[in-house]
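Beneath this line is the structure, given in structure tokens, with notes to follow.
What you see below is based on every heavy atom in this structure, not just the backbone, and it leaves out hydrogens, waters and symmetry mates.
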Amino acid sequence: MASGKVRGVLGIGLLLAATASMAADLPTFKLEMKDGVLNPARIVVPAGQKIKIEVHNTGQSAVEFESVQLRKEKVLAPGAQSFVVIAPLQPGEYKFFDDFHAQAQGVIVAK
């Protein structure tokens, strides 16, 4: 019984490592979120290619990267950083926002 659990944990660990490795190879774009301000508010990415957006909360309050169109959400505490991986996009504009700060709105432009 214990060996099955160990194998399961090892399998999950290997899957997470492989996922992190694949995300490391993707075109990466940085987004800073700070108390209702997005920098940059416009991110231009290649169309037809999977991408990674590194999100860093440099503010004093929690933030939430959210895009209804892309079906992505990521909540970050003050000082935290993480990333979202986005499937290949068709050319166009895709809105995102900080769900905790209504004025913070941005767009990902796939070209």
Side-chain angles (χ1 to χ4, degrees):
M1 181 71 147
S3 66
K5 288 182 183 179
V6 170
R7 274 184 266 160
V9 170
L10 287 174
I12 290 170
L14 290 172
L15 178 62
L16 291 173
T19 302
S21 176
M22 288 175 17
D25 297 336
L26 298 174
T28 302
F29 302 86
K30 295 184 184 300
L31 172 64
E32 177 185 4
M33 301 178 80
K34 183 177 182 179
D35 302 319
V37 177
L38 304 175
N39 184 26
R42 179 181 172 90
I43 302 171
V44 179
V45 303
Q49 193 171 353
K50 189 184 287 190
I51 62 164
K52 178 170 90 169
I53 298 179
E54 291 181 350
V55 185
H56 188 189
N57 180 3
T58 59
Q60 299 299 310
S61 61
V63 299
E64 181 177 3
F65 173 91
E66 184 164 351
S67 174
V68 175
Q69 289 174 293
L70 300 173
R71 291 183 249 163
K72 295 290 181 183
E73 293 180 80
K74 181 71 72 170
V75 176
L76 288 95
Q81 58 185 33
S82 188
F83 65 89
V84 292
V85 174
I86 298 174
L89 298 172
Q90 295 295 318
E93 294 189 354
Y94 302 84
K95 295 178 183 178
F96 68 92
F97 56 96
D98 178 350
D99 202 25
F100 296 154
H101 301 90
Q103 75 279 10
Q105 309 234 348
V107 65
I108 296 170
V109 180
K111 291 186 176 183

Over all heavy atoms of both residues, which pair between [X] and [Y] is shortest? Give the atoms and the distance, please.
{"X": "Met33", "Y": "Asp98", "result": "CE-CB, 3.6 Å"}
{"X": "Ala110", "Y": "Leu89", "result": "CB-CB, 3.9 Å"}
{"X": "Gln90", "Y": "Ala47", "result": "C-CB, 4.3 Å"}
{"X": "Phe83", "Y": "Glu54", "result": "CB-CA, 4.1 Å"}

What side-chain donor-acceptor pairs closer than 3.5 Å can you find for residues 59-67, not counting sequence neighbours?
from  : atom 1 : to     : atom 2 : distance (Å)
Ser61 : OG     : Asp35  : OD1    : 2.9
Ser61 : OG     : His101 : NE2    : 3.2
Ser67 : OG     : Leu70  : N      : 3.1
Ser67 : OG     : Lys95  : O      : 2.8

- Check the side chains of Glu32 and Thr58 for a donor-acceptor pair under 3.5 angstrom, ignoring hydrogens and angles. yes
Heavy-atom side-chain proximity of [X] to [Y] below 4.5 angstrom:
{"X": "Pro88", "Y": "Gln49", "value": "no"}
{"X": "Ser82", "Y": "Leu76", "value": "yes"}
{"X": "Ile86", "Y": "Ile108", "value": "yes"}

- Just by distance, do the side chain of Asn57 and the backbone of Ala77 share a donor-acceptor pair under 3.5 Å?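 It does hold such a pair.
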- Message: So does Val85 get a backbone contact from the side chain of Lys72, meaning a donor-acceptor N/O pair under 3.5 Å?
- Response: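 Yes.
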- Please name all residues satisfying side chain to side chain contact (heavy atoms under 4.5 Å, CB included) with Arg42, sequence neighbours left out, ordered by chain then number. Val44, Glu93, Val107, Val109
- Message: With rounding to the nearest 0.5 angstrom, report the CG to CG distance, Leu31 to Asn39.
- Response: 8.0 Å
- Message: Going by ring pair (Phe, Tyr, Trp, His ring centres under 6.0 Å), name the pairs with one or both residues in residues 28-56, residues two or more places apart or in two chains.
- Response: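 Not a single pair qualifies under ring pair (Phe, Tyr, Trp, His ring centres under 6.0 Å).
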- What's the verdict on side-chain contact (heavy atoms from CB on, under 4.5 Å) for Ile53 and Phe96, showing C-alpha distance, side-chain angles and the deciding distance? CA-CA 12 Å; Ile53 298 179; Phe96 68 92; over 6 Å; no
- Is there a path from Tyr94 to Phe97 through hydrophobic residues (I, L, V, M, F, W, Y) whose side chains come within less than 4.5 Å of each other? no
